[in-house]
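Positions are given from 1, in the same order as the sequence printed here. Values below: every heavy atom of this structure, side chains too, minus hydrogens, waters and symmetry copies.
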Amino acid sequence: MTLKMAIIGFGKSANRYHLPYLKQRENIEVKYIYNHRRHPEREANYQGMGITFTTDLDEVLNDDEIQLITICTPADTHFDFAKQVLNHGKNVLVEKPFCKTANETEQLLKLAQQKHLIAMPYQNRRFDSDYLTLKEVLDRGYVGEPLEIESHLDKYRPDNSVHTGDKINGTFYGLGIHMLDQMLALFGKPQSVAYDIRTIQNTKSTLDDYYQMDLHYGKLKVTVKTDPLVAMPNPRFILHGTAGSYVKYDIDQQENDLKLGIMPGDLNFGLDTPDKYVKLNIIIKMAIGFPNKSHLCRAIMDGFMIPYMTVLSMVKKNWLVMKKLCWILKS
């Protein structure tokens, strides 16, 4: 069975984060792309897909074949478009931010429930390789009990311009919610939260360009941060636990590849270069019953970069573990 869908909006979001992946799916057909004006040069990239490009939204909304509409428009239009879609009996997938307020969100979810439809945000950042690797490290217990996590998406882009508008168009709504969503998916609702959301480049601007959120889960503290004036990049993720640490540099490689025109299905799409590989440092204790030696062996088998001195200090203390490591490295 083929799902027939449409997209509202034809900017960066549709072209970079949706259509390259939809082209790979044989069971999904993009029947329409609506935009308030046509872009023939962009449309040429999708010849052969059978897409109808239109500036008539009613044509899309009134087509009974359309089961799902994805909204890829500016953030402050999401609520109104999503409400229209639901009122025309279509399921809706909304790019983040889903809505500006909790009240708007509740309205859409209630309307969808009343009409037996689905309304949900586009959770694409839950499928980033850097995030999935962090999740795997946590799930496998490589670093023991997690105590501190830092999630960074910093950049160095000096900009003294004045930026005004609704807060939904600021950096926190535009980027911070993706990072926040990743942590909520891992740990759920925090016990307490501290926010620092502000403008640091031009105080006349009404749109934020900096944020730091600290989420507290008992002994665990999670920091989510973006700073526009970081000339020496921080790691993408830093994780410290009772048994070791994990560090990952740079964003998910899919993002970089898509910017360069390397598409899903192309050779080596989404693969990190060696300088961006994960670094995992496990502290080895040889007390009876302590599981870290098996964690180290498993980490090596999984391809993590383990500092040489960690392995050396371990094998000096335990001959059986050294034999196991040698077997792993030979295989």
Query raised in the report: Ser161: what forms a side-chain contact (heavy atoms from CB on, under 4.5 Å) with it, not counting sequence neighbours?
Result: Asp159, His163
Query raised in the report: Sub-3.5 Å donor-acceptor pair from the side chain of Thr70 to the main-chain atoms of Ile7, do we have one?
Result: no
Requested in this report: Say whether Val30 and Ile71 are linked into one hydrophobic cluster, either directly or through other cluster members, by side-chain heavy-atom distances under 4.5 angstrom.
Outcome: no
Report task. Taking atom CD of Gln24 as the centre, report whether more than 12 heavy atoms of other residues, nucleotides or ligands fall under 6.0 Å from it. Result -> yes
Tabulate below the donor-acceptor pairs under 3.5 Å that side-chain atoms of residues 90-97 make, not counting sequence neighbours, or state none.
{"from": "Lys90", "atom 1": "NZ", "to": "Asp63", "atom 2": "O", "distance (Å)": "2.4"}
{"from": "Lys90", "atom 1": "NZ", "to": "Ile66", "atom 2": "O", "distance (Å)": "3.2"}
{"from": "Asn91", "atom 1": "OD1", "to": "Ile118", "atom 2": "N", "distance (Å)": "2.8"}
{"from": "Asn91", "atom 1": "ND2", "to": "Gln67", "atom 2": "O", "distance (Å)": "3.0"}
{"from": "Glu95", "atom 1": "OE2", "to": "Ser13", "atom 2": "OG", "distance (Å)": "2.9"}
{"from": "Glu95", "atom 1": "OE2", "to": "His18", "atom 2": "NE2", "distance (Å)": "3.0"}
{"from": "Lys96", "atom 1": "NZ", "to": "Gln123", "atom 2": "OE1", "distance (Å)": "2.9"}
{"from": "Lys96", "atom 1": "NZ", "to": "Asp181", "atom 2": "OD2", "distance (Å)": "3.3"}

Query raised in the report: Are any of the side-chain heavy atoms of Val60 and Ile8 separated by less than 4.5 Å?
Result: no
Requested in this report: Kindly say whether Thr2 contributes a backbone atom to a donor-acceptor pair with the side chain of Glu29 at under 3.5 angstrom?
Outcome: no
Query raised in the report: After noting the C-alpha distance and the side-chain angles of Asp128 and Arg126, does the key distance pass the salt bridge (charged side-chain N to carboxylate O under 4.0 Å, His left out) rule?
Result: CA-CA 6 Å; Asp128 285 1; Arg126 293 192 187 186; over 6 Å; no
Query raised in the report: Among Lys248, Arg236, Arg125, Lys135, which residue meets the salt bridge (Lys or Arg N to Asp or Glu O under 4.0 Å) test with Asp130?
Result: Arg236
**Report entry** For Ile177, the rest of its hydrophobic cluster, which grows through side-chain links under 4.5 angstrom
**Finding:** none
Query - Any donor-acceptor pair under 3.5 Å from Thr105 side chain to Cys99 backbone - result: no
Query raised in the report: Taking Asn256 for the side chain and Gln253 for the main chain, is one N or O donor matched with an acceptor at less than 3.5 Å?
Result: no
Query raised in the report: Met120, Tyr122: one ILVMFWY side-chain cluster at the under-4.5 Å cut-off?
Result: yes
Report task. Report the C-alpha distance between Thr223 and Met213 in whole Å, list the side-chain angles of each, state the deciding distance to 0.1 Å, and finish with yes or no for side chain to side chain contact (heavy atoms under 4.5 Å, CB included). Result -> CA-CA 6 Å; Thr223 298; Met213 294 172 286; over 6 Å; no
Query raised in the report: Residues two or more places apart in sequence or in another chain: which of them pass ring-ring contact (aromatic ring centres under 6.0 Å, His included) with Phe10?
Result: Phe53
Query - Sidechain-backbone polar pair: Asp154 side chain, Leu229 backbone, donor-acceptor under 3.5 Å - result: no
Query raised in the report: When the ring planes of Phe237 and Tyr131 are compared, do they come out parallel, tilted or perpendicular, using 30° and 60° as the limits?
Result: tilted
Query raised in the report: Is the side chain of Thr54 donor-acceptor paired with the backbone N or O of Asp56 at a distance under 3.5 Å, no angle test?
Result: yes
**Report entry** Close side-chain approach of Ile251 and Leu153, heavy atoms under 4.5 Å
**Finding:** yes
Query raised in the report: What heavy-atom pair brings Lys100 and Glu104 nearest, and what distance separates the two atoms?
Result: N-OE1, 3.1 Å
Query raised in the report: Under 3.5 Å, side chain of Asn62 to main-chain N/O of Asp58, donor-acceptor pair present?
Result: yes
Requested in this report: Carefully, step by step, assess Glu150 and Lys225 under the rule salt bridge (charged side-chain N to carboxylate O under 4.0 Å, His left out).
Outcome: CA-CA 8 Å; Glu150 293 182 29; Lys225 183 175 181 178; over 6 Å; no
Query raised in the report: Is the shortest heavy-atom distance from the side chain of Glu65 to the side chain of Lys31 under 4.5 Å?
Result: yes
Query raised in the report: Which residues satisfy the ring-ring contact (aromatic ring centres under 6.0 Å, His included) test with Tyr173, sequence neighbours excluded?
Result: none
Query raised in the report: Near Arg25 CZ, under 6.0 Å, is it more than 12 heavy atoms from other residues, nucleotides or ligands?
Result: no
Report task. Return the set of residues passing ring-ring contact (aromatic ring centres under 6.0 Å, His included) with Tyr217 (not counting sequence neighbours), or none when no residue passes. Result -> Phe187
Report summary line: Minimal heavy-atom distance between Leu86 and Leu111, with the atoms involved, is CB-CD2, 3.7 Å
Query raised in the report: Is there a side-chain contact between Pro235 and His152, using heavy atoms and a 4.5 Å cut-off?
Result: no
Query - Derivation of the side chain to side chain contact (heavy atoms under 4.5 Å, CB included) call for Asp227 and Tyr156 - result: CA-CA 8 Å; Asp227 187 327; Tyr156 185 69; over 6 Å; no
Query raised in the report: Do any N or O atoms from the side chain of Asn87 and from the backbone of Lys83 form a donor-acceptor pair under 3.5 angstrom?
Result: yes
**Report entry** N/O donor-acceptor pair under 3.5 Å between Thr199 side chain and Asn202 backbone
**Finding:** no
Requested in this report: Report the C-alpha distance between Asp80 and Thr77 in whole Å, list the side-chain angles of each, state the deciding distance to 0.1 Å, and finish with yes or no for side chain to side chain contact (heavy atoms under 4.5 Å, CB included).
Outcome: CA-CA 6 Å; Asp80 290 335; Thr77 68; 5.8 Å; no
Query raised in the report: When clusters are formed by joining ILVMFWY residues with side-chain heavy atoms under 4.5 Å apart, either directly or through shared neighbours, do Tyr211 and Val230 land in the same one?
Result: no
Requested in this report: Check whether Tyr195 and Met179 end up in the same hydrophobic cluster, where Ile, Leu, Val, Met, Phe, Trp and Tyr are linked by side-chain heavy atoms less than 4.5 Å apart.
Outcome: yes
Report task. Show your working on side-chain hydrogen bond (donor to acceptor under 3.5 Å, both in side chains) between His216 and Ser192 and close with a plain yes or no. Result -> CA-CA 5 Å; His216 296 272; Ser192 63; 4.7 Å; no
Query raised in the report: Within a strict 4.5 Å, meaning less than it, do heavy atoms of the Tyr46 and Asn15 side chains meet?
Result: yes
Query - Test item: Asp214 side-chain N/O and Ala194 main-chain N/O as donor-acceptor pair under 3.5 Å - result: no
Requested in this report: Find out whether Glu59 and Leu57 are in side-chain contact, i.e. whether some heavy atom of one side chain is under 4.5 Å from a heavy atom of the other.
Outcome: no
Query raised in the report: Can you find a heavy atom in the side chain of Thr133 that is under 4.5 Å from one in the side chain of Tyr246?
Result: yes
Requested in this report: Report yes if the side chains of Ile200 and Pro228 come closer than 4.5 Å at any heavy-atom pair, otherwise no.
Outcome: yes
